[in-house]
Each structure stands twice: as C-alpha cells, then as structure tokens.
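So the structure is just underneath, and the comments pick up after that.
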Amino acid sequence: MFIEPNNNGHRGWIEVVCGSMFSGKTEELIRRLKRAKIANLSVGIFKPEIDVRYDVEKIVTHNENMVTAFPVRNAEEIMKIAEEFNVIGIDEAQFFDDKIVQVCETLANSGKRVIVAGLDMDYTGKPFGPIPQLLSVANYVTKLHAVCMKCGGIASYSYRISKNTNQVVLGEKELYEARCRHCFRY
Ligand code: ZN
C-alpha cells in the first residue's frame with residue numbers, strides 16, 4: 001500500500017501506477033487523490049479526450065467511484081489548467097504522446113505532486129506509448145496486477161478477445177481479459 005512520502009517537506013514528485021486492464025489502476029489513483037483531499041490539498045484530474053467510454057465530466061472507476069475530471073486533447077492542455085492545483089492526477093496516460101513526460105517533469109519541478117495511471121503494455125504485450133519513459137522519470141512506481149481470467153493466477157497482460165489489430169480499441173469486459181504470462185501466450 002502506497003503511503004505519501006514526506007520528503008523533508010520538499011514538494012513535487014512523480015508517481016506512476018501501472019498494470020494491465022482490470023488491475024485497479026484508476027481505483028488506486030482515486031484512492032490517492034481522495035487522501036490528498038482529506039489533507040486539504042487541491043486536486044485536479046485529467047484524462048485524454050479519447051477515453052469517452054463514460055461520462056466526459058467524470059472518471060468512473062469500475063466500482064463506480066466518481067471523481068470530476070478534465071478531458072484534455074493533449075498534454076499541453078494539462079499545463080494550462082494544472083496551475084491552480086497542488087496534486088495532479090492523470091488517468092489513461094498511455095493515450096498521450098511523449099510530451100506528457102516533459103509536462104509531468106515540469107509540474108513536479110514546480111512543486112506539484114503528479115500521480116499518473118496507465119496501461120504499461122498494449123494488447124500485444126509491448127510497452128504502451130509514453131509509459132516506459134514515465135516509469136523511468138518517476139520517483140515512485142507501483143505495478144498492479146489483475147487476476148488471470150483463464151487460470152486464476154496473477155495477470156500482467158491485457159488479452160484482446162477480438163481480432164481487431166489497432167493498438168487502441170476502447171472497451172471493457174466484452175473485448176479484453178486479464179491474463180497471466182502463460183495464458184496470454186497460449
Ligand atoms: Zn493464467
């Protein structure tokens with residue numbers, strides 16, 4: 001369980017929460033943001049506009065927690081809105097381009113706590129978008145695991161049930177299964 005660091009009172013760092021689909025990334029992001037709110041910090045949550053599976057005004061986790069979010073078209077838009085917040089949450093970060101890395105660095109260097117959640121691998125098991133670079137520059141990394149929907153083991157992969165080969169195909173339980181390394185390959 002991630003506990004907020006004290007860092008001798010020096011503020012500003014990057015946390016990354018990664019893992020496969022159904023691993024609870026958004027729930028973990030929201031747990032951390034709720035704790036920041038309890039600490040009377042102002043919290044802003046951003047997500048790429050591409051993710052319109054749910055209400056565009058809210059991040060809705062799979063267990064129906066709701067937090068208001070700002071849909072943004074690109075990473076630079078986050079910079080424009082983020083100024084007023086102490087803590088910046090970014091969900092579905094794999095859908096941003098590489099500029100998200102510099103945006104997170106700039107925000108952290110200016111004293112903000114940045115919490116990034118995203119898929120570390122795409123449906124083929126390859127690193128997804130800017131997540132590898134974000135993992136490198138992060139000060140704290142949490143890799144979450146799902147439960148393999150074939151064997152009940154520990155799952156790290158998002159297995160796509162359909163034959164569509166686009167990297168981005170939005171969907172949930174009807175399109176993807178969490179799988180362990182063995183069941184992902186066979
Ligand atoms: Zn398995």
Side-chain angles (χ1 to χ4, degrees), residues 1-5 13-35 45-56 58-67 69 71 75 88-98 100-101 104 114-186:
M1 182 80 73
F2 184 85
I3 299 290
E4 295 77 7
W13 62 80
I14 300 171
E15 300 162 32
V16 173
V17 179
C18 69
S20 69
M21 294 183 72
F22 314 111
S23 64
K25 297 182 297 298
T26 303
E27 286 90 338
E28 176 61 15
L29 172 65
I30 287 173
R31 184 186 74 84
R32 295 183 191 189
L33 293 172
K34 280 183 173 167
R35 289 169 62 87
I45 308 161
F46 301 85
K47 63 174 189 172
E49 224 168 43
I50 186 174
D51 185 30
V52 288
R53 280 173 292 181
Y54 311 107
D55 185 340
V56 291
K58 311 276 185 190
I59 286 181
V60 185
T61 67
H62 302 182
N63 61 13
E64 317 258 287
N65 268 322
M66 275 204 183
V67 180
I88 313 295
I90 302 172
D91 201 17
E92 304 287 0
Q94 74 276 0
F95 293 142
F96 287 103
D97 67 21
D98 286 351
I100 192 73
V101 181
C104 291
V114 183
I115 313 170
V116 182
L119 285 168
D120 48 2
M121 289 182 275
D122 67 13
Y123 81 101
T124 69
K126 296 284 186 301
F128 206 148
I131 301 295
Q133 292 99 304
L134 286 166
L135 287 168
S136 299
V137 301
N139 303 99
Y140 305 97
V141 170
T142 302
K143 182 153 177 161
L144 299 175
H145 298 90
V147 176
C148 177
M149 293 174 187
K150 259 190 114 182
C151 76
I154 293 172
S156 306
Y157 300 91
S158 307
Y159 180 85
R160 185 180 290 167
I161 300 161
S162 82
K163 295 276 177 262
N164 191 320
T165 56
N166 289 325
Q167 187 184 37
V168 177
V169 176
L170 294 177
E172 291 294 323
K173 292 228 156 77
E174 74 285 3
L175 281 179
Y176 295 95
E177 281 181 5
R179 294 214 177 166
C180 70
R181 179 175 282 274
H182 177 85
C183 297
F184 180 69
R185 294 178 62 214
Y186 301 105

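Numbering starts at 1 and runs along the sequence shown. Counting convention: from 1, in listed order, for ligands and their atoms alike. Fair warning: this is a prediction, and the values are worked out from it, not measured in the lab.
Judged by distance alone, the side chain of K25 and the main-chain N or O of S20 form a donor-acceptor pair under 3.5 Å. Counting only distance, with no hydrogens or angles, the side chain of S158 and the backbone of A178 share no donor-acceptor pair below 3.5 Å.
Figure legend: cation-pi geometry between R179 and Y159, with NZ or CZ positioned under 6.0 Å from the six-membered ring centre and within 45° of its axis.
At a threshold of 4.0 Å, the pair R32-E28 counts as salt-bridged, since one of the basic side-chain nitrogens sits closer than that to a carboxylate oxygen.
Below the 2.8 Å limit, the Zn ion (ligand 1) has as protein N, O or S neighbours C148 SG, C151 SG, C180 SG, C183 SG.
Defined by atom type and a distance below 3.5 Å, a donor-acceptor pair is present between the side-chain atoms of T124 and D122.
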Under the ring-ring contact (aromatic ring centres under 6.0 Å, His included) criterion, do Y176 and Y123 qualify, and how do the steps go?
-> CA-CA 8 Å; Y176 295 95; Y123 81 101; 7.5 Å; no
